Enquirer: 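Dumping the structure here so I can ask a few things about it.
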Amino acid sequence: MKLVFGNFKMNGRISKIYEYIDSINELPDEELQKICIFFPYTFFGYIDGARFKYGAQDCYYEDYGAHTGDISAAMLKECGCEYVIVGHSERRIGHEESNEIIDKKLRSAICNELKPVLCVGEKTSQRKQRFEVIREQLNILTPKNDEVDFSDLIIAYEPVWAIGSGRVPSITEVDEVAEFIAEHVIKLTGKKVPVLYGGSIKTTNAGKFLNIEKIDGILVGNSCLDAHNFKEIIKMAI
Ligand code: PGA
């Protein structure tokens with residue numbers, strides 16, 4: 001079963017969320033099992049009727065304390081989140097998050113029993129060095145004293161230049177990077193973890209990415225905002 005994850009980013013309104021959830025809830029159980037939707041924090045008080053998994057788009061690495069404006073992994077767990085995205089390029093670039101910070105967030109998520117989706121990927125200027133860039137982003141997965149268990153980790157390969165741009169890498173490129181990621185993660189953690197592709201997925205191209213053998217699913221941004229559209233993509237995943 002391939003996974004279809006949706007990232008709302010800073011979109012949507014609470015006034016529309018019941019309609020959205022009701023529409024997604026109409027899917028049969030076997031379709032609902034594939035999905036997780038990453039909502040804005042403000043939605044979490046309104047989505048207990050969801051028949052699917054949901055998560056947050058980021059978390060802070062301390063459990064509580066004087067961190068104005070931050071939300072901890074412990075708080076997200078209380079809201080019923082099962083997953084959390086860490087290291088999305090919009091956080092790495094827009095909020096200057098380093099691999100060190102992402103490492104702390106990832107470990108905090110796992111310690112609070114959230115499943116992390118670690119995003120990796122190169123910028124346009126780094127396309128030729130993409131394997132080096134991704135290797136460095138993955139190298140946070142080294143064993144440390146905290147004995148964190150990486151069994152529930154998911155990696156999302158999201159080339160920065162493909163996000164929201166309408167441009168996508170070739171199937172061969174995605175296949176090669178996915179293989180590289182899976183092998184490097186095994187080397188670092190001993191675990192075989194799912195690898196997703198994300199960046200400009202639409203109803204017209206979702207099928208071809210879902211068919212890539214080394215890809216375990218997709219992470220959909222803009223195309224998950226409309227429930228009808230997203231359901232069409234979900235149905236393509238088998
Ligand atoms: P996009 O975003 O599908 O809108 O390109 C993907 C993502 O950033 O996760």
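For clarity, every value in this text was computed on a predicted model and none was experimentally measured. When a ligand or atom number is given, it counts from 1 through the structure's own listing order. In this chain, residues are counted from 1 in sequence order.
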Enquirer: Please confirm whether K202 comes under 4.0 Å of ligand 1, counting heavy atoms of the residue only.
Expert: no

Enquirer: Can you check whether N222 has an N/O within less than 3.5 Å of an N/O in ligand 1?
Expert: yes

Enquirer: Would you check the N or O atoms of S200, main chain and side chain alike, for any that come under 3.5 Å of an N or O of ligand 1?
Expert: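 Yes.
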
Enquirer: Per the side chain to side chain donor-acceptor pair (under 3.5 Å) rule, what does the pair list look like for residues 227-238, sequence neighbours excluded?
Expert: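 Non-adjacent pairs meeting side chain to side chain donor-acceptor pair (under 3.5 Å): S23-K231, E26-K231.
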
Enquirer: Among all protein heavy atoms, pick the one closest to atom 9 (O) of ligand 1 and tell me residue, atom and distance.
Expert: E158 OE2, 2.7 Å

Enquirer: Starting from atom 3 (O) of ligand 1, what is the nearest protein heavy atom, named by residue and atom, and what distance separates them?
Expert: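 Here the closest protein heavy atom is G221 N, 2.9 Å.
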
Enquirer: Any nitrogen or oxygen of E90 lying under 3.5 Å from a nitrogen or oxygen in ligand 1? Just yes or no.
Expert: no

Enquirer: Would V220 count as being in polar contact with ligand 1, using the rule that some N or O on each side must be under 3.5 angstrom apart?
Expert: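 Checking ligand 1 against V220, no N or O pair falls under 3.5 Å apart.
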
Enquirer: For E158 and H88, which I'm curious about, is there any donor-acceptor pair between the side chains at under 3.5 Å?
Expert: yes

Enquirer: Give every residue pair that meets the salt bridge (Lys or Arg N to Asp or Glu O under 4.0 Å) criterion with at least one member in residues 61-89, sequence neighbours excluded.
Expert: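 Residue pairs passing salt bridge (Lys or Arg N to Asp or Glu O under 4.0 Å), neighbours aside: E82-K115.
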
Enquirer: Taking R51 as the fixed residue, which of D22, D29, N25 is the one that meets the side chain to side chain donor-acceptor pair (under 3.5 Å) rule?
Expert: D29

Enquirer: With ring centroids as reference points, do Y83 and F5 lie under 6.0 angstrom apart?
Expert: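 Between Y83 and F5, the centre distance is under 6.0 Å.
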
Enquirer: What I want to know is whether G164 and ligand 1 share at least one N or O pair that is separated by under 3.5 angstrom.
Expert: yes

Enquirer: May I ask you to check whether F230 and Y20 place their ring centers less than 6.0 Å from one another?
Expert: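 No.
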
Enquirer: With atoms numbered from 1 as shown, which atoms in ligand 1 lie under 4.0 angstrom from a non-hydrogen atom of K9?
Expert: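 Numbered from 1, ligand 1 contributes 2 (O), 6 (C), 7 (C), 8 (O).
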
Enquirer: Any chance you could measure E90, atom CD, to N7, atom CG, to the nearest 0.5 Å?
Expert: 7.0 Å

Enquirer: So is S223 close enough to ligand 1, meaning a heavy atom under 4.0 angstrom away?
Expert: no

